[in-house]
Structure formats: structure tokens, C-alpha cells
Amino acid sequence: MDSLALGADLEPEPVVDEHSTVTLFVNGEETTLTVDHRATVLETLRERFGLTGAKKGCDHGQCGACTVLVDGRRINSCLLLAVTQDGATVTTVEGLAEGESLHPVQQAFVERDALQCGFCTPGQICSAVGMLREAADGHPSHVTEPDTATGPVALDADEIRERMSGNLCRCGAYPRIVEAIEDVIE
């Protein structure tokens, strides 16, 4: 039998659309856009919205440079597909300020000089904002004392370091970062 004749009975492959339309609420603005199914939230923020605060560091969710807030929770945006976030509220470091007034965490980072090269700073700031909310809501960490796990968690330097451990700083600005966060909670 002829090899061409064998293929004649096969049906053509269906065309699969590799894009979907999603609505995102980014820094308070509602936007509907079509995204590639493979596009991450980080890529979408940087390429489609022009928001370059969140950085692509390791691209494996290990450094925290891409940290943003999604529905109030901190996430590594390099690991999250944009197509899965239809209807989500995304807050980047650019969206934390109220007009010309910096968010208290941003202001503390400036006052404490809690940055050196600044590459990790947007992720550090977004992570700190999310971490403060988590502690206020009573979410324990590995170092949380068991008796505080039912209410707001007191944030001492050890607790802050543990909760911020997913954000790396190649310059070693950790002491100033912890001090800046302590300034916000005092």
C-alpha cells in the first residue's frame, strides 16, 4: 500500500488557540487584554503594562526580585501564568504609593538606605508589604512562637528575617532592610 494513501484518511489537526482574554486590575486600573497562555504575570507586567519595577532575576521563583501582590498576597510573578489570573488584583511597587506620597514601607527603605544597587528593592518592598499583612492576619512562620499563632504575630528581627527569606539581595543590604521594616511596625 502506498504511504500517501495511508495518510489520506487522517483528519487534520485541530487549530488550538494559544491565547486567552483576561481582565486584570493592575495598580487600581482595570484592563482587558489577550495574553499568550505561556506568558507569566512578570512578562505581562513588564511587556504589556510597561511596569518594570518587578525584575526577572533567577526566573525560577528563588530570588524574589519579581515579587508583586496578587489579591493582597505576595507571589513570585515569574512563576504565575497570566492566563490563570483573570479577575485578579495585581499591585506592583509602582502601585503602592498614594499619589506623591510613598507607601510607609517605601519611605522606610529610603530613610534607612535599605538598598544598594536597587535591583531587588521592588521585590523586597512588595514582599515586606505582603509580609506585614500576613503577620497582622496571624499567619505563623517557621519561627513564630506557638502562643502567638492565633492572633497578630509580633515581628521581631528574627521573625522579619524568616518571613523575608524568599527575597535575596546580592549587595547584602539585609540589616537595613530589617531595620526599615521594623520602623514601619513601631
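All values below were derived from every heavy atom in this structure, side-chain atoms included, with hydrogens, water molecules and symmetry-related copies excluded.
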Between [X] and [Y], is any pair of side-chain heavy atoms under 4.5 Å apart?
| X | Y | answer |
| --- | --- | --- |
| K56 | E43 | yes |
| R74 | E134 | yes |
| R38 | D36 | yes |
| L69 | V129 | yes |
| T121 | I125 | yes |

Joint cluster assignment, L155 & F109, ILVMFWY side-chain distance < 4.5 Å: yes

For the [atom1] atom of [X] and the [atom2] atom of [Y], what is their distance to the nearest 0.5 Å?
| X | Y | atom1 | atom2 | result |
| --- | --- | --- | --- | --- |
| C117 | R170 | SG | CZ | 8.0 Å |
| R176 | I181 | CZ | CD1 | 14.0 Å |
| H37 | T84 | NE2 | OG1 | 11.0 Å |
| T23 | E30 | OG1 | CD | 5.5 Å |

Backbone N/O of C126 and side chain of T67: donor-acceptor pair under 3.5 Å: no

Check: E162 main-chain N/O paired with S165 side-chain donor or acceptor under 3.5 Å: yes

Of the non-hydrogen atoms in [X] and [Y], which two are nearest, and what is the gap between them?
| X | Y | value |
| --- | --- | --- |
| Y174 | C169 | OH-N, 2.8 Å |
| G57 | F119 | CA-CE2, 4.1 Å |
| T144 | E159 | OG1-OE2, 2.9 Å |
| T91 | N27 | CA-OD1, 3.3 Å |
| N167 | G64 | ND2-O, 3.0 Å |
| V93 | G53 | CG1-CA, 3.9 Å |

Reference residue P122; test side-chain contact (heavy atoms from CB on, under 4.5 Å); the match among E94, Q106, K55: K55

Transitive ILVMFWY cluster of V26, excluding itself - 4.5 Å side-chain cut-off: V22, L24, L33, V35, V41, L45, F49, L51, V68, V70, I75, L80, L81, V83, V90

